[in-house]
Amino acid sequence: MRITTWNVNSIRARAHRVAEVVERDKPDVLCLQELKCQDHQFPHELFEDLGYSCETFGQKTYNGVAICSRLPMSGVSRDFPIPGDGQSRGIAAMVGGVRVVNLYVVNGKQVGHDYYDYKLRWLDALQAWVEGDATPDDDVVICGDFNIAPADGDVWDPARWEGENLCSPPERERFQRLLAWGFTDAFRVFHDEVGRYAHTWWDFRGNGFGRGRGLRIDHHLITESVKARANGCYVDRSARKGIKPSDHAPVTLVLDEPDFDPKTLRI
DNA sequence: ATGGCCATCATGGATGGA
């Protein structure tokens with residue numbers, strides 16, 4: 001089973017780019033963030049034609065998440081970890097015996113901003129939600145846009161980013177708290193490299209992608225039982241190239257494929 | 001360089017992204 005996470009930065013603006021990747025890679029599960037549309041505006045027909053059914057949790061203009069699957073989904077949850085906050089940032093479903101949780105973590109804007117405080121509260125609520133929803137013995141994958149670069153090796157210029165939003169100690173501590181509970185950062189199971197092939201997001205401004213100025217902020221967190229089935233995790237940098245790309249690249253977790261080469265890179 | 005780029009919105013400058 002392959003589970004892809006991708007912040008598409010508007011599904012309507014990105015429909016063709018998403019279809020291109022999906023047709024080529026055919027992931028079993030596709031977790032999307034930043035739909036930037038309401039449920040009725042989501043391109044369900046496009047995904048049906050590609051062989052997927054989609055559960056969406058949309059919102060006008062901002063946020064919005066969806067899980068699209070080639071396999072049957074059940075037990076769909078929406079509107080967590082802070083129900084009723086009007087922000088569509090969490091959706092989860094059972095797929096192939098795995099609890100797949102798709103998150104669009106609050107960006108935070110800037111350390112000290114109200115949005116940053118909300119980010120930390122949101123991450124605290126996420127921790128509580130996880131602890132109430134699952135145990136470390138369950139088969140759980142939490143994936144999505146975490147808006148956190150966990151370590152300096154995930155940042156193109158750690159000195160320039162030191163203490164900044166996406167890299168600040170308080171948010172990194174919250175990421176570590178999820179690991180302490182029982183999750184593993186799947187990408188780091190298979191890759192110890194730093195630099196451009198370990199990044200998932202590049203700023204549109206100043207040709208950040210072309211200059212290798214990226215961060216790794218999109219992740220799969222997996223419990224031990226899922227880790228035992230994991231054979232790889234790769235970033236598809238090719239999706240960041242070409243006409244009107246998202247500023248994020250898709251990241252794919254590979255399960256139950258013992259012949260998959262874990263050093264696979266999509267340049 | 002207190003910026004740059006991009007998507008959205010009862011369409012044009014504000015908002016949010018990261």
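Note that these values count all heavy atoms, side chains included, but never hydrogens, waters or copies made by symmetry. So that the names make sense, note that chain A is the first sequence line, chain B the second, and so on, each numbered from 1.
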Could you say whether A:Thr61 or A:Tyr104 is positioned toward the 5' end of DNA chain B, judged by the nucleotide with the nearest heavy atom to each? A:Thr61

How many Å lie between CG on A:Asp203 and C1' on B:dC6, as a whole number? 10 Å

Any side-chain N or O of A:Arg205 under 4.0 Å from OP1/OP2 of B:dA1? no

Roughly how many Å apart are B:dC5 and B:dA1, using the C1' atom of each and rounding to a whole number? 16 Å

With rounding to the closest Å, how many angstrom separate the C1' atoms on B:dT11 and B:dA7? 13 Å

Rounded to whole angstrom, note down the P distance from B:dG13 over to B:dT2. 25 Å

Checking N1-N3 plus N6-O4 or O6-N4 for Watson-Crick, or N1-O2 and O6-N3 for wobble, each under 3.5 Å, the partner of B:dG16 is B:dC6

Determine the Euclidean distance between corresponding P atoms of B:dG4 and B:dA14; express it in Å to zero decimal places. 13 Å

Taking atom P in both B:dG3 and B:dT15, compute the distance separating them and give it to the nearest angstrom. 15 Å

Hey, which of these two, A:Arg213 or A:Trp161, hits DNA chain B nearer its 5' end, going by closest nucleotide? A:Arg213

Checking all strands, does A:Glu34 fall into the base, sugar-phosphate, or nothing category for heavy-atom contacts under 4.0 angstrom? sugar-phosphate

Would you say the side-chain atoms of A:Asp85 and A:Tyr118 include a donor-acceptor pair closer than 3.5 Å? yes

Nearest-angstrom distance, P atom, B:dA18 to B:dT8: 14 Å

Should the ring pair A:Phe260 and A:Tyr234 be called parallel, tilted or perpendicular, given that the plane angle runs from 0 to 90° and is split at 30 and 60? parallel

Within the structure, does a side-chain N or O atom of A:Tyr115 lie under 4.0 Å from either OP1 or OP2 of B:dG16? yes

Would you indicate, yes or no, if B:dG17 has its OP1 or OP2 atom less than 4.0 angstrom from a side-chain nitrogen or oxygen of A:Arg89? yes

Rounded to whole angstroms, how far apart are OH on A:Tyr62 and C1' on B:dA7? 10 Å

Does A:Gln38 have more than 12 heavy atoms from other residues, nucleotides or ligands lying within 6.0 Å of its CD? yes

Just checking A:Asn207: base, sugar-phosphate only, or nothing, at a heavy-atom cut-off of under 4.0 Å? nothing

What distance separates A:Phe204 CZ from A:Asn9 CG, expressed to the nearest 0.5 Å? 5.0 Å

Output the rounded distance in Å from NZ (A:Lys36) to P (B:dG16). 12 Å

Quick one: which of B:dC5, B:dA18, B:dA7 gets closest to the side chain of A:Ser10? B:dA7

Quick note, A:Leu215 side chain, CB onward, closest among B:dC6, B:dA18, B:dT8 is B:dA18

Rounded to the nearest angstrom, tell me the gap between atom CG in A:Asn63 and atom P in B:dC9. 13 Å

For A:Asn7, answer base if it contacts any base atom (sugar-phosphate contacts may also be present), sugar-phosphate if it contacts only those atoms, and nothing otherwise; contact means non-hydrogen atoms under 4.0 Å. sugar-phosphate

Is any side-chain N or O of A:Lys60 closer than 4.0 Å to OP1 or OP2 of B:dG16? no

Quick check for you: to the nearest 0.5 Å, what is the distance between A:Lys36 atom NZ and A:Ser88 atom OG? 14.0 Å

If the cut-off is 4.0 Å, is A:His113 near the phosphate of B:dG16, judged by side-chain N/O to OP1 or OP2? no

Between A:Trp201 (CH2) and B:dA18 (C1'), how many Å, whole number? 4 Å

Taken to the nearest whole Å, CD/A:Gln59 to C1'/B:dT8 is 12 Å

A:Gln38 has an atom CD; how far is it from atom P of B:dT8, in whole Å? 13 Å

Nearest-Å distance, CG (A:Asp145) to C1' (B:dG17)? 10 Å

Answer yes or no: does a side-chain N or O of A:Asn107 lie under 4.0 Å from OP1 or OP2 of B:dG16? no

Within the 3.5 Å criterion, strictly below it, is a donor on A:Ser238 or A:Asp236 matched to an acceptor on the partner's side chain? yes

Inter-residue atom distance A:Phe187.CZ - A:Asp218.CG, 0.5 Å rounding: 11.5 Å

When we call it a touch if two heavy atoms are under 4.0 Å apart, what does A:Arg14 touch: a base, just sugar-phosphate, or nothing? sugar-phosphate

If the cut-off is 4.0 Å, is A:Lys244 near the phosphate of B:dA7, judged by side-chain N/O to OP1 or OP2? yes

Please report the distance separating the P of B:dG12 from the corresponding atom of B:dG17, rounded so that it comes out in whole Å. 24 Å

